[in-house]
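A short worksheet on the structure shown next.
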Amino acid sequence: MFLAFLDELRAAGIPASLKEHLTLLEALDADVIEQTPEAFYYLARATYVKDEGLLDRFDQVFQKVFRGVLTDYGQDAVDIPEDWLKAVAEKFLSPEEMAKIESLGDWDEIMETLKKRLEEQQGRHQGGNKWIGTGGTSPFGNGGYNPEGVRIGGESRHKRAIKVWEKREFANLDNTRELGTRNIKMALRRLRRFAREGAADELDLDATIRGTARQGFLDIQMRPEKRNAVKLLLFLDVGGSMDPHVKLCEELFSAATAEFKNLEFFYFHNCLYEGVWKENRRRWSERTPTWDILHKYGHDYKIVFVGDAAMSPYEISHPGGSVEHVNEEAGQVWLGRVTHTYPACVWLNPEPRRMWDYSQSNKMIRQLMNDRMYPLTLDGLDDAMRELSRKQG
């Protein structure tokens, strides 16, 4: 039982032994935990993982093997029966049918209408264009289509929802990933400015030879190690539509941490707001105020945002537009503060450039970044590093 799980753990580099596997089975047989997927997850993690650095890999393997078992609908408890949220079938619409579906209205109208629907609806609904359900054209629910809607549970299909009513767990990027990072490192090396700082712990051979010849005896000269003096702030979009790009972002993250000694990174989701975080497991309990970053790191830092810029336009333009919390100030306000504080600032997008013009949010982000968005390709990285190296006026 669970042998496939054991094989996947080993394939991911987690040293899971057969003894640990048998220990897990014995614990299950002894009913030491509640019969819930969440309890099983923590039991398996405690059994197999002995190194905190492997927690993210374990999460990825668990999600792969037991996909669909762990589901937690809603940040908080809501009076919506869980079986409403199980998608029965995806309704496929032609482009002509999609064009006929009119948006319900602006942000305030959509949220007010959702409140009324929750009060009025008495049973499950599947299909249709009004009630909260699955597979229809209503602005509320999941598994259907509407150009502006509130997704309640389920998985994103068209990436058009302006609010997402579900709790999601994001995984930290693994900066130990080396496969495929060499070319990225070469592209990042354009952004280098060497300086000798710190303790003199490196032999200066030329100065030693000159000093010895001049003094007539061995005159050893030391110097500080030559290091890349560029300071970099990396903001990484995680979760949601960024999930398909995790491998590429991990390669970039690994290459950047190897190339830049003065590197700081933070996570955000979709758009920058008043807080960012270092650990995705603690993204609600241990957040760093964006104001603190603007005050702590000097204007000489280079800023790199990494994200697909795929979101509802409300997330950028409206207070309260975030899909996860009620933000007091719009995302565009915070992006404007960053670009004003740090003249050297670029955005790297893992989506192909040909897809950018199909997204209104992408156009808005490009405008806020003064058109300094580049594809996350080797050529795009090369252009971005040239922009960051350019002398800022």
Side-chain angles (χ1 to χ4, degrees), residues 170 172-175 181 184-185 187-195 197 227-239 242 245 248-280 282-283 286-309 316 327 329 331-350 365-366 368-376 380-393:
F170 304 149
N172 293 332
L173 299 183
D174 184 359
N175 66 348
T181 62
I184 298 178
K185 289 181 180 180
L188 292 177
R189 285 176 184 173
R190 282 194 175 278
L191 187 62
R192 291 192 296 182
R193 185 178 69 250
F194 287 113
E197 300 173 344
R227 300 179 184 274
N228 188 357
V230 169
K231 301 174 182 178
L232 188 67
L233 269 176
L234 190 61
F235 291 94
L236 300 155
D237 182 8
V238 289
M242 283 296 293
H245 307 298
L248 179 59
C249 290
E250 283 183 337
E251 291 173 353
L252 173 68
F253 188 38
S254 177
T257 52
E259 287 298 316
F260 300 102
K261 178 178 182 291
N262 300 310
L263 169 69
E264 290 289 345
F265 73 92
F266 297 94
Y267 294 117
F268 69 100
H269 181 54
N270 283 355
C271 191
L272 184 69
Y273 297 112
E274 69 279 0
V276 291
W277 57 92
K278 284 273 193 180
E279 285 286 340
N280 280 306
R282 302 184 180 96
R283 61 194 178 101
E286 298 181 9
R287 297 172 74 89
T288 301
T290 308
W291 272 125
D292 289 358
I293 294 174
L294 297 178
H295 294 148
K296 179 179 179 179
Y297 300 101
H299 297 186
D300 56 337
Y301 270 81
K302 315 288 186 181
I303 309 298
V304 176
F305 287 95
V306 182
D308 59 1
I316 305 171
N327 51 297
E329 294 182 290
Q332 62 185 7
V333 173
W334 287 104
L335 285 175
R337 286 171 178 154
V338 171
T339 55
H340 176 75
T341 304
Y342 303 98
C345 188
V346 299
W347 187 294
L348 297 176
N349 193 328
I365 293 293
R366 273 184 286 164
L368 291 168
M369 295 295 299
N370 297 319
D371 208 32
R372 290 175 293 178
M373 180 181 286
Y374 303 90
L376 190 46
L381 272 174
D382 194 57
D383 292 340
M385 296 306 104
R386 289 179 186 272
E387 171 62 29
L388 291 177
S389 302
R390 183 172 59 85
K391 185 175 181 180
Q392 305 296 323

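Excluded from the calculations below are hydrogen atoms, water molecules and symmetry mates; all remaining heavy atoms, backbone and side chain alike, are included.
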Do you know which two heavy atoms are closest between [X] and [Y], and how far apart they sit?
X    : Y    : value
L234 : F253 : CD2-CD1, 3.9 Å
H269 : D237 : CA-OD1, 3.5 Å
Y342 : C345 : O-CB, 3.7 Å
G307 : P350 : O-CD, 3.4 Å
M242 : V306 : CE-O, 4.5 Å
W277 : V238 : CZ2-CG2, 4.4 Å

Rounded distance (nearest 0.5 Å) linking atom [atom1] of [X] with atom [atom2] of [Y]:
X    : Y    : atom1 : atom2 : value
H340 : H299 : NE2   : NE2   : 8.0 Å
T257 : L252 : OG1   : CG    : 9.5 Å
Y267 : L236 : OH    : CG    : 6.0 Å
L248 : L376 : CG    : CG    : 4.0 Å
I303 : Y297 : CD1   : OH    : 10.0 Å
N370 : E387 : CG    : CD    : 9.5 Å

Kindly write out the residues that satisfy side chain to side chain contact (heavy atoms under 4.5 Å, CB included) with [X], not counting sequence neighbours, or none if the list is empty.
X    : answer
E286 : R282
V276 : F235, F266, F268, L272, T288, T290, I293
I316 : C271, M311, Q332, S361, M364, I365, L368
P375 : R353, W356, T377

In the structure I gave you, are the side-chain heavy atoms of [X] and [Y] within less than 4.5 Å of one another anywhere?
X    : Y    : result
L294 : V338 : yes
L335 : F305 : yes
N262 : L232 : no

### Task
State plainly whether the residues K278 and E264 are in salt-bridge range, i.e. N to O under 4.0 Å.
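Salt bridge present between K278 and E264.
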### Message
Applying salt bridge (Lys or Arg N to Asp or Glu O under 4.0 Å), can you list everything that pairs with R366, at least two apart in sequence or on another chain?
### Response
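Expected list: D357.
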### Task
Taking salt bridge (Lys or Arg N to Asp or Glu O under 4.0 Å) as the test, write out the residues that go with E274, two or more places apart.
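Residues passing salt bridge (Lys or Arg N to Asp or Glu O under 4.0 Å) with E274: none at all.
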### Task
Give the intermediate values and the outcome of side-chain contact (heavy atoms from CB on, under 4.5 Å) for residues R372 and T339.
CA-CA 11 Å; R372 290 175 293 178; T339 55; 4.2 Å; yes
### Query
Mind checking whether W291 and H295 have parallel, tilted or perpendicular rings, split at 30° and 60°?
parallel
